[in-house]
**Student:** 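Here it is: the structure, laid out below.
Below, all heavy atoms of this structure are taken into account, side chains as well, without hydrogens, waters or symmetry copies. Heads up: numbering here begins at 1 and tracks the sequence.
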Amino acid sequence: MHDAYEPVPILEKLPLQIDCLAAWEDWLLVGTKPGHLLLYRIKKDAGTNRFEVTLEKSNKNFSKKIQQLFIVSQYKILISLLENNIHVHDLLTFQQITVVSKAKGATLFACDLQVKYRSGEAQLRMCVAVKKKLQLYYWKDREFYELQGDFAAPDIPKSMAWCQNSICVGFKRDYYLIRMDGRGSIKELFPTGKQLEPLVVPLADGKVAVGQDDLTVVLNEEGVCTQKCALNWTDIPIDMEHQPPYIIAVLPRYVEIRTFEPRLLVQSVELQRPRFITSAGPNIVYVASNHFVWRLVPVSIASQIRQLLQDKQFELALQLANMKDDVEGDKRQQIHHIQNLYAFNLFCQKRFDDSMQVFAKLGTDPTHVIGLYPDLLPADYRKQLHYPNPLPSLSGAELEKAHLALIDYLTQKRSHLVKQLNDSEPSTPSPLMEGTPTIKSRKKLLQIIDTTLLKCYLHTNVALVSPLLRLDNNHCHIEESEYILKKAHKYSELIILYEKKGLHQKALQVLLDQSTKANSPLKGHERTVQYLQRLGMENLGIIFEFSPWVLKICPEDGLKVRLGDLGEFRSKLVCFLEVSTCYEPGRLISDFPFDGLLEERALLLGRMGKHEQALFIYVHVLKDTHMAKEYCHRHYDKDTDRNKDVYLSLLRMYLSPPDVHCLGPIKMELSEPQANLKAALHVLELHHSKLNTAKAINLLPANTQIREIRVFLESVLEEKAQRKRFDQVLKSLLQAEFLRVQEERIFHQQVKCTISEEKTCRVCKKKIGNSAFARYPNGVVVHYFCCKDRGVCPIEQ
């Protein structure tokens, strides 16, 4: 707890009982039980918490009964509930402006002043409770007009407040939310509890605080609770006022001050039977009992922040720091300092994830964050770092949880720094404590971050070490990483580090040292062969240095190293054999060895049309079914006799491989070929349309089950059925075309041309006689000699 307010007496032992309060600026209105209205001017003495109080006006005949007061300073009006009716008076002269005649019998009202964001115009709305009805009004031209029709309420309202476009109403037993959406939909919320009177109070952010016994919840205009937990008062509140970040409640014996976020009891102020509370704006709060009025004067924000930092209440300190009216630079610096203290305190409370999130937002130097952990920074650099309090000791599960939070933070920070590497203007990280040195070089920061991530992965998840080291932009410090990997006996990961940093000689020496150790994952020569094969011609000296020991142990694998420096030339040879047409495969194949370059031999055999020999190499020598399928795909041609059965040859190779003794010199390195029914069935299923079905079935073993070739048979039958349907449709179309042509032939054969003695040529006008003639489609007859253009009738020219 700390002192947020100091109570200062304003009115003491007032002879008239106070029934209601209202205030604006330096003015305080007091409504008394006899109906007197008192106006006080309250001026604060500079530099002190003393006030000069002057009674400026007293109206003894204001009303017989003053039930409620509300001031709208923007319109200079006083709205009051007098003798169960709504009256509006001028705020300066108390002269009556209007009476809302329809509101006669009113027991309660609530006002809402909305200011439009762009225009700055204000709109005043008012809700009046008249028995079991709610009347809605708006203020215009010094008069209240009906906003919309009345709403029926389930009971007589006891307390209510606007909540944006809703009204929260407290009845004797329950709270309801009434939506101002034209339909007046009513939503039942929850019971009022054991208290005699419900309590609904508007908040500064457009929400409402609703009381249920000693609890208070915050609701939005949908009636949904917006706080995780309710405020829990030490007694049932009578009245309440919101002064961000504080909520001030009047309890039967004292005034209690709390905060919503974080949920804190800030202060308890003992006052003699307080009953009412009102506000004249920010930092102007009045509390009254029957005969006393006090003003709650805020303690300076600077003093409050000092108290809160001592109590480690950093969240509230931040809220207050944001409210200060300091110079922008000083204000920003103090907020940043408090946020760092807050993040550090979260870490000390072992809320590691929350702490890292705050540090990430602040842009704190990552090395200062890493320094919170034991044994992650070099000792000489770690001694330069300072922290507000002693660091917590971490071990076991707590340390692992802390490391996981740090990994998330560093991964995010790493990604951010990598993107900024090419930026011309580096962003300077801020220190956790003022005066502590920071690292400005991005590459240096990345080196520390990657090395720290390596250490964290070794503590939490070793599987992530290799992916980190394989990154192209891995910045791990070589000597430090080398030391910790050797200490953890992570030699496979050490090889990756050396290879990525171009330290091939060191990597190969580790492989040589580990090759003879019984329990080492690097035992043997295989990893050395793989490593040497990845080296290029520029590392020929290193290859010659480390390949001899492999050649001594296993000459065949040793030779693979040299063949891997030759891989580029072999790729060119394969490409040439596949593409070129400028060689004779029959003559060239005699120059190829039988104990190597078998893929090239298979390509030449394919060019020669010897598919079964080529497929034998792919299937039974190279044991590469993928290459066999690619071979068939390249050579299959249904219109060429020697290539149309290539898939059948592949099937035969799987099901009935030839005797190894028939294959010449290649047989020396082979065991007897074995049938592969699974691969054969796969060929049947995928390439049934390229196979002669009868021949394929005859190749299958006699004990083959129908269910094993069910997919093949279904596909074949479906294809045959489709082909049959296609042929039937085609036959029908061709028959229809034949009939159409026949019909057209008969039609044209029915046309006849009679040449009589009187028939004359339509061009020269002479008789046709016995001369050759031509007839146009339109029936015009001319001498053949006169027919100059067969496509154009001369009569139509």
Side-chain angles (χ1 to χ4, degrees), residues 1-2 228-229 245 258-266 302-322 332-414 429-439 445 448-449 452-453 455-460:
M1 295 176 63
H2 77 280
K228 294 179 182 177
C229 301
R258 291 182 176 268
T259 54
F260 288 117
E261 291 292 340
R263 287 177 66 247
L264 294 175
L265 170 58
V266 175
S303 299
Q304 292 191 61
I305 290 175
R306 281 195 298 274
Q307 280 186 280
L308 289 167
L309 293 181
Q310 288 177 4
D311 296 339
K312 297 183 179 179
Q313 296 293 345
F314 301 103
E315 291 177 85
L316 186 52
L318 280 173
Q319 293 183 47
L320 291 174
N322 279 297
R332 188 165 54 247
Q333 186 176 0
Q334 184 181 35
I335 291 172
H336 198 273
H337 173 64
I338 295 172
Q339 287 174 321
N340 269 317
L341 292 177
Y342 175 47
F344 178 80
N345 186 63
L346 287 172
F347 186 86
C348 293
Q349 292 176 8
K350 300 178 181 176
R351 294 168 57 187
F352 305 114
D353 289 323
D354 295 337
S355 173
M356 295 300 122
Q357 287 176 15
V358 178
F359 279 131
K361 290 177 182 176
L362 290 174
T364 306
D365 190 314
T367 62
H368 297 187
V369 180
I370 298 169
L372 297 169
Y373 294 76
D375 305 323
L376 291 182
L377 287 177
D380 54 345
Y381 182 74
R382 175 65 184 78
K383 290 175 183 177
Q384 301 178 43
L385 304 180
H386 305 286
Y387 297 100
N389 291 300
L391 294 170
S393 58
L394 302 172
S395 61
E398 279 185 347
L399 181 58
E400 183 176 356
K401 183 180 177 183
H403 277 141
L404 290 172
L406 180 63
I407 287 170
D408 289 342
Y409 163 77
L410 291 178
T411 304
Q412 177 184 346
K413 188 61 72 175
R414 184 187 193 281
S430 61
L432 195 153
M433 292 288 289
E434 291 298 326
T436 308
T438 60
I439 295 179
L445 275 176
I448 295 172
I449 286 173
T452 304
L453 279 171
K455 294 177 181 179
C456 291
Y457 289 153
L458 285 170
H459 283 114
T460 58

**Student:** For residues Lys455 and Leu376, report the shortest heavy-atom separation together with the two atoms involved.
**Tutor:** NZ-O, 3.1 Å
**Student:** Should Leu391 and Pro374 count as side-chain neighbours, where that means a heavy-atom distance under 4.5 Å?
**Tutor:** no
**Student:** Applying the side chain to side chain contact (heavy atoms under 4.5 Å, CB included) criterion to Ser355, which one of Phe344, Phe347, Tyr409 satisfies it?
**Tutor:** Phe347
**Student:** Count the heavy atoms of every other residue, nucleotide or ligand shown that sit under 6.0 Å from NE2 of His336, and state whether that count exceeds 12.
**Tutor:** yes
**Student:** Between Ile305 and Gln334, does the side-chain contact (heavy atoms from CB on, under 4.5 Å) criterion hold? Intermediate values first, please.
**Tutor:** CA-CA 10 Å; Ile305 290 175; Gln334 184 181 35; 3.9 Å; yes
**Student:** Quick one: pull up SG in Cys229 and CZ in Phe260 and give me the separation to the nearest 0.5 Å.
**Tutor:** 12.5 Å
**Student:** Donor-acceptor pairs are to be reported for all side-chain atoms of residues 359-367 against protein atoms at under 3.5 Å, with residues two or more places apart or in another chain.
**Tutor:**
unit_1, atom_1, unit_2, atom_2, d
Thr364, OG1, Asn340, OD1, 3.1
Asp365, OD1, Thr367, N, 2.8
Asp365, OD1, Thr367, OG1, 2.6
Asp365, OD2, Ile439, N, 2.8
Thr367, OG1, Tyr381, OH, 3.0

**Student:** How far does CG of Leu453 sit from CG of Leu406, to the nearest 0.5 angstrom?
**Tutor:** 7.5 Å
**Student:** Quick one, Val266 and Arg258 - any side-chain contact, counting heavy atoms below 4.5 Å?
**Tutor:** no
**Student:** Using a 6.0 Å cut-off, check whether atom CD of Gln412 has over 12 heavy atoms from anything other than its own residue.
**Tutor:** no
**Student:** Side chains of Asn345 and Asn389, heavy atoms from C-beta outward: is any pair under 4.5 Å?
**Tutor:** no
**Student:** Is it the case that His2 and Gln304 place a side-chain donor and acceptor less than 3.5 Å from each other?
**Tutor:** yes
**Student:** How long is the gap from CD on Gln313 to CD1 on Ile338, to the nearest 0.5 Å?
**Tutor:** 12.5 Å
**Student:** Could you verify whether a donor N or O on one side chain and an acceptor N or O on the other, from Arg414 and Thr411, lie under 3.5 Å apart?
**Tutor:** no
**Student:** Quick one: side-chain contact (heavy atoms from CB on, under 4.5 Å) partners of Glu315, sequence neighbours excluded?
**Tutor:** Pro262, Tyr342
**Student:** Using 0.5 Å steps for rounding, measure from the CD1 atom of Ile407 to the OG1 atom of Thr460.
**Tutor:** 3.5 Å
**Student:** For a 4.5 angstrom cut-off between non-hydrogen side-chain atoms, does Phe352 reach Leu346?
**Tutor:** no
**Student:** Could you report the tightest heavy-atom contact between Pro245 and Thr259, atom names first, then the distance?
**Tutor:** O-CG2, 3.4 Å
**Student:** Leu377 vs Ile448, test: side-chain contact (heavy atoms from CB on, under 4.5 Å). Steps then yes/no.
**Tutor:** CA-CA 8 Å; Leu377 287 177; Ile448 295 172; 4.0 Å; yes
**Student:** Treating His337 as the side-chain partner and Gln333 as the backbone partner, does any N or O pair qualify as donor plus acceptor under 3.5 Å?
**Tutor:** no
**Student:** Checking side-chain polar atoms at under 3.5 Å, does Thr436 have a donor or acceptor matched by the opposite partner on His368?
**Tutor:** no
**Student:** With the side chain counted from C-beta on, respond yes when Leu308 and Phe314 share a heavy-atom pair under 4.5 Å apart, and no when they do not.
**Tutor:** no
**Student:** Report yes if some heavy atom in the side chain of His459 is under 4.5 Å from a heavy atom in the side chain of Glu400; otherwise report no.
**Tutor:** no
**Student:** I need the minimum non-hydrogen distance between Leu385 and Tyr387, along with the two atoms involved.
**Tutor:** CD1-OH, 3.6 Å
**Student:** Roughly how far, to the nearest 0.5 Å, is CG of Leu410 from CD1 of Ile449?
**Tutor:** 6.0 Å
**Student:** On a heavy-atom basis, which atom in Leu309 and which in Ala317 lie closest, and how many Å separate them?
**Tutor:** CD2-CB, 4.1 Å
**Student:** I need the minimum non-hydrogen distance between Ala405 and Asp353, along with the two atoms involved.
**Tutor:** CB-OD1, 3.2 Å
**Student:** Check whether any side-chain N or O of Gln357 sits under 3.5 Å from a backbone N or O of Ala343 as a donor-acceptor pair, and report yes or no.
**Tutor:** no
**Student:** If you measure from CG on Leu318 to CG on Asn322, what distance do you get to the nearest 0.5 Å?
**Tutor:** 6.5 Å
**Student:** Identify the two heavy atoms, one from Pro392 and one from Lys350, that lie closest to each other, and give their separation to 0.1 Å.
**Tutor:** CB-CE, 4.4 Å
